[in-house]
Amino acid sequence: MRSDGISADMAGKRAAVTLLVLAGFCSLSDALRCNCTVCEKTGYECETDGACMASISHIEGQDRHVRICIAEVNLVPPGQPIYCLSADGLLNTHCCYTDYCNSVDLKIPLGIAEKQADQGWLGPVELVAVIAGPVFLLCVLLIVGVFLFQHHQRTYSHRQRLDVEDPSCDHLYLAKDKTLQDLIFDLSTSGSGSGLPLFVQRTVARTIVLQEVIGKGRFGEVWRGKWRGGDVAVKIFSSREERSWFREAEIYQTIMLRHENILGFIAADNKDNGTWTQLWLVSDYHEHGSLFDYLNRYSVTIDGMIRLALSAASGLAHLHMEILGTQGKPGIAHRDLKSKNILVKKNGTCAIADLGLAVRHESITDTIDIAPNQRVGTKRYMAPEVLDETINMQHFDSFKCADIYALGLVYWEIARRCNAGGVHEEYQLPYYDLVPSDPSIEEMRKVVCDQKLRPNVPNWWQSYEALRVMGKIMRECWYANGAARLTALRIKKTLSQLSVQEDVKM
Ligand SMILES: *[C@@H]1O[C@H](CO)[C@@H](O)[C@H](O)[C@H]1NC(C)=O
């Protein structure tokens, strides 16, 4: 029930603010040099490893030109970076890749200036609608609101407020008296980790058109959506799962998490429509779906097997690795690694997904960032020390070792589908022959801890170098003693050597 005038105004501000967010990235150290309207200190120039951007927007009756650098990590999604697209009718944006190429003067697209002029005036009918509509709505919302608020208080009285919205952004939206320079300063100091600024995330999320359900999970549904002609995946959490949504968004926005073998995160959004909250996580879309689906559908060649295994190890090694320094990242353990949580990209490599149960390690205090509860994850893939609860939860490396055990099981699933000499086996889940479907912890514990059984590594694998190496890695992932297992980095190195030996193109 908003009038066009009001929403256009809001959209205008949003677009302007979106632009200003970008202005923070001006002093990186690589080849490309660009003009920079906000870099006084460096002589209105900046350097970047990504692109130069020029844009024009129409704010409060004035044309504003902004020229900035965009770092390569922010050029997502690939091929159609969000930063480089013009926002609907409100600004014109241009990215380019040669020195000072953003020195151009852009024009506001024709027709927009007129449209904005029209929108300043409301007719009597609109005026009545503008006043009466909201008043009526306000009454209804107030009643519903009071009811929901009480309900909410009862349900979550001890819970911290989980809201993706950065409060420092809210006041930027509203403050009229702020100058351009103020806004830039505020926005550049409230950076959002490795992802897009939260405003941009929200704007993107709200312009996605959902197409079809592509999966159902523990927390809700996964959809394929369209955003400016490209596909994205949207994980929609039920409002009861706010905590999971928040946690997963938080992990994905860990500084420097981006990696080609970790699912590319695009945006998180919580859309409150008055009666319930829709919680969205937007990420890259991979049409092959999960590794589980992929292995069910296809067998793989030796090359294909090495590509899947090596890329999964690279992703996990990056996740596990702690990088020190300001451009660093904490060590992260996944805690729910399985073939259903790994996606297969078009080029036949893996992207690790579903980081909702992950834990981060703060090395300065040597603590884990959330209190890890006893046994989470999928029972079938639980490491022996998780099943019998002997895992040392004070020690972050224990969680990494449990991930490695699960990676070994995933490798077994892949290797069985490897087509060597015309022979391959049907797809099966690990322990398919030893436990029923949806096994209990007790059933798993008996097999894995008491009987110390592991998936079968067939003898004929010895006759193929690649399968022999895979079999050896698996066994070294499955030791009952977590500390004795291989590390992700070790596995990555072993498989890199194998890929060179077997002449696999990565
Ligand atoms: C862009 O930078 C170059 C080199 O410093 C300068 O000559 C040019 O005038 C700048 N363009 C604009 C529009 O500021």
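One-based numbering, in listed order, for ligands and for the atoms of each.
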SG proximity flag Cys34/Cys52, limit 2.5 angstrom = yes
Protein heavy-atom contact under 4.0 Å for atom 11 (N) of ligand 1?
-> yes
Which of the atoms of ligand 1 are close to Glu45, meaning less than 4.0 Å from one of its heavy atoms?
-> 5 (O)
Heavy-atom distance under 4.5 Å between the side chains of Phe292 and Ile342, does that happen here?
-> no
Report the nearest protein non-hydrogen atom to atom 6 (C) of ligand 1: residue, atom name, distance rounded to 0.1 Å.
-> Asn35 ND2, 4.3 Å
Answer yes or no for Lys271 and Trp280: cation-pi contact, defined as NZ/CZ to six-membered ring centre under 6.0 Å and angle to ring axis within 45°.
-> yes
Hey, is atom 14 (O) of ligand 1 touched by any protein heavy atom at less than 4.0 Å?
-> yes
Applying salt bridge (charged side-chain N to carboxylate O under 4.0 Å, His left out) between Asp354 and each of Lys340, Arg335, Lys235, report the one that passes.
-> Lys235
Taking only non-hydrogen atoms of Ser103 and a 4.0 Å limit, the atoms of ligand 1 in range are 1 (C), 10 (C), 11 (N), 12 (C), 13 (C)
Could you check Glu322 against Ser363 for side chain to side chain donor-acceptor pair (under 3.5 Å), going step by step and ending with a plain yes or no?
-> CA-CA 8 Å; Glu322 175 175 5; Ser363 73; 2.5 Å; yes
